[in-house]
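This report refers to the structure that appears directly beneath it.
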There are 2 protein chains.
Amino acid sequence: MRYSRQRELIHEVIKATNTHPTANWIYKQARKKLANISLGTVYRNLDQLTDAGMINVITEGNMSRYDWNVIPHQHLRCSVCGKMSDIEIPDGEIKEKIKQNHQFDVEKVEMIFVGTCSDHN
Amino acid sequence: MRYSRQRELIHEVIKATNTHPTANWIYKQARKKLANISLGTVYRNLDQLTDAGMINVITEGNMSRYDWNVIPHQHLRCSVCGKMSDIEIPDGEIKEKIKQNHQFDVEKVEMIFVGTCSDHN
DNA sequence: ATATATATAGTAATGATTCCTATTACTTAA
DNA sequence: TTAAGTAATAGGAATCATTACTATATATAT
Ligand SMILES: [Mn+2]
Ligand SMILES: [Mn+2]
Ligand SMILES: [Zn+2]
Ligand SMILES: [Zn+2]
């Protein structure tokens with residue numbers, strides 16, 4: 001994967017937010033710095049950055065969301081405002097139980113807790 | 001929601017499999033009994049059955065999958081063969097901790113454990 | 001049996017994502 | 001410092017899941 005200004009910019013955009021943005025949001029931000037970057041380029045680089053382990057992708061729902069935080073963690077999604085926030089859940093014990101009870105080797109854990117965030121009391 | 005032969009058939013198709021099928025798979029099965037049922041009808045009824053709590057929908061990945069089992073449970077997805085199987089994870093304790101630590105009311109828990117199933121040893 | 005409203009089939013539209021291709025721009029080695 | 005060689009890009013077309021539209025059909029209450 002050789003250097004490109006576009007990929008660096010896309011990575012910077014993702015690193016600058018905690019909102020778990022969509023590809024289109026990243027595209028719009030990137031265009032502010034590089035007026036004619038294309039949406040295809042954004043998608044291609046998001047895939048490459050994901051494959052390289054430099055970002056994470058969250059595939060729940062009808063649109064993928066991207067995350068600069070590659071340390072394993074899980075998410076709370078508010079069904080009222082749509083905000084997605086981080087939560088740490090230790091999953092070593094769960095993985096071990098799944099291995100024992102189902103003979104299933106867990107590589108990746110995806111938990112989404114849908115509910116109402118503290119902004120709506 | 002008034003009776004229709006199409007909705008009954010769609011529900012029957014879902015109840016007859018443990019594969020967590022997609023809308024298109026359900027459509028193809030349904031056509032075997034009702035040759036000109038339309039895909040739009042399948043989608044509309046899947047939504048209605050979901051809203052009525054008669055089936056569940058799994059929204060991980062790029063296609064929704066449907067589940068006759070409405071008792072809360074979670075899923076293992078094999079990245080080799082794509083098979084999706086059920087797993088029971090007690091989540092009451094997790095929900096309580098999320099409430100205390102994040103002031104977030106969890107309504108729905110979606111966990112997917114991606115890995116390798118016992119068919120590939 | 002009739003009226004009313006809901007559901008359907010068939011088709012068009014949408015929206016996210018992927019694919020295609022001529023051109024551009026990193027990178028490496030003379 | 002050039003000049004390949006090749007990976008990456010912009011722009012646009014294509015794909016695929018899902019949703020919207022609409023004229024017709026059907027369920028259900030009276
Ligand atoms: Mn996160
Ligand atoms: Mn299930
Ligand atoms: Zn909220
Ligand atoms: Zn498998």
Side-chain angles (χ1 to χ4, degrees), chain A residues 1-14 17 19-67 77 79 82 84 110 112, chain B residues 1-14 17 19-67 77 79 82 84 110 112:
Chain A
M1 189 164 63
R2 87 185 175 190
Y3 172 87
S4 84
R5 187 140 96 94
Q6 288 84 346
R7 185 178 306 116
E8 184 173 59
L9 172 58
I10 288 161
H11 199 188
E12 273 167 15
V13 167
I14 295 168
T17 184
T19 61
H20 305 87
T22 64
N24 195 58
W25 187 93
I26 294 163
Y27 170 58
K28 285 192 286 190
Q29 292 300 117
R31 269 198 309 193
K32 292 178 183 174
K33 297 265 181 169
L34 220 58
N36 55 358
I37 191 172
S38 77
L39 185 55
T41 294
V42 172
Y43 274 105
R44 180 165 17 80
N45 280 294
L46 289 172
D47 282 351
Q48 289 177 153
L49 290 167
T50 301
D51 290 347
M54 297 169 75
I55 61 172
N56 263 144
V57 58
I58 303 159
T59 59
E60 189 247 17
N62 60 326
M63 270 184 308
S64 292
R65 303 176 77 95
Y66 298 87
D67 194 339
R77 179 165 61 74
S79 57
M84 185 167 270
E110 297 180 358
I112 308 248
Chain B
M1 189 165 63
R2 87 182 176 193
Y3 172 86
S4 85
R5 185 156 163 228
Q6 287 85 344
R7 184 177 309 114
E8 182 174 59
L9 172 58
I10 289 161
H11 198 188
E12 273 167 14
V13 166
I14 295 169
T17 184
T19 60
H20 304 88
T22 64
N24 196 56
W25 188 92
I26 294 163
Y27 170 57
K28 285 191 289 191
Q29 292 299 118
R31 268 198 309 193
K32 293 177 181 174
K33 296 267 181 167
L34 219 58
N36 55 356
I37 191 173
S38 78
L39 185 53
T41 294
V42 171
Y43 273 105
R44 181 167 17 81
N45 279 293
L46 288 172
D47 282 351
Q48 289 177 154
L49 290 167
T50 301
D51 290 346
M54 297 169 73
I55 60 173
N56 263 144
V57 57
I58 304 159
T59 60
E60 190 246 16
N62 59 327
M63 272 185 307
S64 292
R65 301 176 77 95
Y66 299 86
D67 195 339
R77 179 164 61 74
S79 56
M84 185 167 269
E110 297 180 0
I112 309 250

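In what follows, chains carry the letters A, B, and so on, assigned in the order in which the sequence lines appear, proteins first and then strands, with residues in each chain numbered from 1.
Here the C1' atom of nucleotide C/dG15 and the OH atom of A/Y27 are 15 Å apart, to the nearest Å. With rounding to whole Å, A/R31 atom CZ is found 13 Å from D/dG11 atom C1'. Atom CH2 in A/W25 sits about 20 Å away from atom C1' in C/dT17, given to the nearest Å. In this structure, CE of B/M1 is placed 12 Å from P of D/dT28, rounded to the nearest angstrom. Separating the CD atom of A/Q48 from the P atom of C/dT17 is a distance of 17 Å, rounded to the nearest angstrom.
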Heteroatom pairs (N/O) under 3.5 angstrom, protein to nucleotides 16-19 of chain D:
residue : atom : partner : partner atom : Å
D/dT18  : OP1  : B/S64   : N            : 2.9
D/dT18  : OP2  : B/Y43   : OH           : 2.4
D/dT18  : O5'  : B/Y43   : OH           : 3.3

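Residues passing the side chain to side chain contact (heavy atoms under 4.5 Å, CB included) test with B/Y43, sequence neighbours excluded: B/A23, B/L39. In this structure B/K28 satisfies the side chain to side chain contact (heavy atoms under 4.5 Å, CB included) test together with B/N24, B/R31, sequence neighbours excluded. Scored by the side chain to side chain contact (heavy atoms under 4.5 Å, CB included) test, B/Q48 finds B/M1, B/R7, B/R44, B/N45 as partners (sequence neighbours excluded). Residues meeting the side chain to side chain donor-acceptor pair (under 3.5 Å) test with A/Q6, sequence neighbours left out: none. With sequence neighbours left out, A/H20 forms a ring-ring contact (aromatic ring centres under 6.0 Å, His included) with A/H75. Under the side chain to side chain donor-acceptor pair (under 3.5 Å) criterion, B/E12 pairs with no residue at all, not counting sequence neighbours.
Under the side chain to side chain donor-acceptor pair (under 3.5 Å) criterion, the residue pairs touching residues 50-65 of chain A are A/E60-A/R77, with sequence neighbours excluded.
For the atom pair CD1 (B/I10) and CZ (B/R5), the distance works out to 12.0 Å, reported to the nearest 0.5 Å. The CE atom of A/M84 sits 9.0 Å away from atom CG of A/D67, with the distance rounded to the nearest 0.5 Å. For the atom pair CD1 of B/I14 and CD1 of B/I55, the computed distance is 4.0 Å after rounding to the nearest 0.5 Å.
Using a 4.0 Å cutoff on non-hydrogen atoms, no part of residues 50-61 of chain A comes near DNA chain D. Scanning residues 3-13 of chain A for heavy-atom distances under 4.0 Å to DNA chain D yields A/S4, A/Q6, A/R7.
Checking the phosphate oxygens (OP1, OP2) of D/dG11, no side-chain nitrogen or oxygen of A/S38 falls inside 4.0 Å.
Ranking D/dA10, C/dA7, C/dA25 by closeness to the A/I37 side chain, first place goes to D/dA10.
Side-chain atoms of A/R2 and base atoms of D/dT6 include a donor and an acceptor less than 3.5 Å apart.
Pair assignment for C/dT17 gives D/dA14, based on Watson-Crick or G-U wobble hydrogen-bonding distances that are each under 3.5 Å.
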